[in-house]
2 protein chains.
Amino acid sequence: MPKDGSINRSRILDAAQRLVIENGFAATSVDQVIREAGTSKGAFFHHFDSKLDLGRALTERYVAADIGQLHWAMEATAEVTDPAERAVAFVRCFEDAADEIMSAQSSCLYIAVLTERQLVSNGTADLITHAIETWRADIAALIRAAADERGLDLDADALADHVFVTFEGAFLLSRSTGKPEHMRAQLRVLRRMLAASLGVED
Amino acid sequence: MPKDGSINRSRILDAAQRLVIENGFAATSVDQVIREAGTSKGAFFHHFDSKLDLGRALTERYVAADIGQLHWAMEATAEVTDPAERAVAFVRCFEDAADEIMSAQSSCLYIAVLTERQLVSNGTADLITHAIETWRADIAALIRAAADERGLDLDADALADHVFVTFEGAFLLSRSTGKPEHMRAQLRVLRRMLAASLGVED
DNA sequence: TGTTAAACAGACTGAACGGTCTGTTTGTAT
DNA sequence: ATACAAACAGACCGTTCAGTCTGTTTAACA
């Protein structure tokens, strides 16, 4: 048996993720990735069939981490029994973590992937859609419960999707202005608007 | 004097805009653009110094149209005297126009531009930031007036930015899922949350 | 300790890229 | 008519790209 290739594979993915988020997918070359990862062409094409396959693998890993964050915030607010209050607390989780998130990554991989037509039409975007639907299902369940309890009439699915929308929109706003603090501000706006919509006072 | 080059220049910009929004900037080649525009390399580099210069020109034109839409919606709601109600009506303008917007363009040029590092660091992103700030100023003025009248404590600038955030986030949501109807749904969510925040009843 | 197959290195290739250059067309002003 | 400069066409060039190919290294197991 040979040596463990997963370490090198991870290094390639790490380097590629940084480069793709910063420069875009098409603007990132395989040579750049292997240079940054300190490896070779042979290693790269041993682990990935093609550059598009790298994009898919990159997205797969990113989606898993993304869904991990969803579950983390859900568990962190499990103690809050009232669903409306929990929904607000859920958003507050990310608001509190916003600065940390933005220092770890200046933008989001999803934006780079969804920009590239090749990745959208080869099924990589479907992985992102799966993440979106997972977030939607969990959050909409909270919102539906809150709406039932409080007799509110609202589109739970669309409201749930607005969390994703706020994240991605705020990433773009931060990227354009060069001000990462927009993420925190936008999550705060979302939380306060959500609280107002669900009738939760601050 | 020679013939009018602005027609050809516009055709190049039109073709480039479609291709860049659909495929991304780096993934769009100059040859593709001139083929689609039915012109030549000579014409292209007569009108634009480089591919990056095309990106800048593309963004300049797009920003002008974007600010045009802002002004259109402001004028269309000029009759509404109450600032809070006008802010809600302003969002409703775009909600009503959502399907039309999405059939004209499946995504937003800003996303493609902000994905590309070269365009962010060469100043093209600053043009987008100018659009963002123009929207912010106009909308925040409405919100501040509404907040004053109704004694509300809220971050008018961040709330105003959330319109941009919702647009861009919804573009990405639509792009990933392949469902343009998300734009309308997200603008509806924004309108209803904004109404709840400002104390405007539907 | 020799065998084996995965892991890796790096020179190489053909195609595609952005950009250049030379020459031709176009319309207007004289 | 002719001069002229902007508008345009397309062959061409050096570079970079994704991907290939040949050979070497690595570590578990017989």
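We use all heavy atoms of the structure for the numbers below, so side chains are in, but hydrogens, waters and symmetry mates are not. So that the names make sense, note that chain A is the first sequence line, chain B the second, and so on, each numbered from 1.
- Between dC8(C) and His47(A), a contact under 4.0 Å exists linking OP1 or OP2 to a side-chain N or O.
- Under the 3.5 Å distance criterion, with hydrogens and angles disregarded, no donor-acceptor pair is assigned to the side chains of Thr129(A) and Thr177(B).
- Cys108(B) places a side-chain heavy atom less than 4.5 Å from the side chain of Glu168(B).
- By the 4.0 Å N-to-carboxylate-O rule, Arg136(A) lies close enough to Asp161(A) to be salt-bridged with it.
- Side-chain N/O atoms of Ser29(B) and Asp31(B) include no donor and acceptor closer than 3.5 Å.
- The pair Asp96(B)-Arg191(B) does not count as a salt bridge, with every side-chain nitrogen at least 4.0 angstrom from each carboxylate oxygen.
- Nucleotide dG19(C) holds its P atom 15 Å from the CD atom of Gln32(B), rounded to whole Å.
- Side-chain proximity of Ser29(B) to dG19(C), dC17(C), dA18(D): nearest is dC17(C).
- Counting only heavy atoms from C-beta outward, the side chains of Arg86(B) and Met74(B) approach each other to under 4.5 Å.
- Nucleotide dC8(D) holds its P atom 13 Å from the CZ atom of Phe44(B), rounded to whole Å.
- Nucleotide dG19(C) holds its C1' atom 14 Å from the CD atom of Gln118(B), rounded to whole Å.
- A salt bridge does not link Glu100(B) with Arg184(B): none of the charged nitrogens is closer than 4.0 Å to a carboxylate oxygen.
- What separates CZ of Phe45(B) from P of dG10(D) is a distance of 16 Å, to the nearest Å.
- Nearest to the side-chain atoms of His46(B) among the listed nucleotides dC17(C), dA7(D), dG19(D) stands dA7(D).
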One character per nucleotide, please: for nucleotides 9-14 of chain C, 5' to 3', B when the base has a protein heavy atom closer than 4.0 Å, S when only the sugar-phosphate does, - otherwise.
BBB---
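- Inter-residue side-chain proximity for Phe48(B) and Arg56(B) is flagged as unmet; no heavy-atom pair is nearer than 4.5 Å.
- For the segment residues 48-60 of chain B, the set of residues with a heavy atom within less than 4.0 Å of an atom of DNA chain D is empty.
- With rounding to the nearest 0.5 angstrom, the CG atom of Leu109(B) is 9.5 Å from the CZ atom of Phe25(B).
- At whole-Å resolution of the value, CG in Asn23(B) and C1' in dC17(C) are 15 Å apart.
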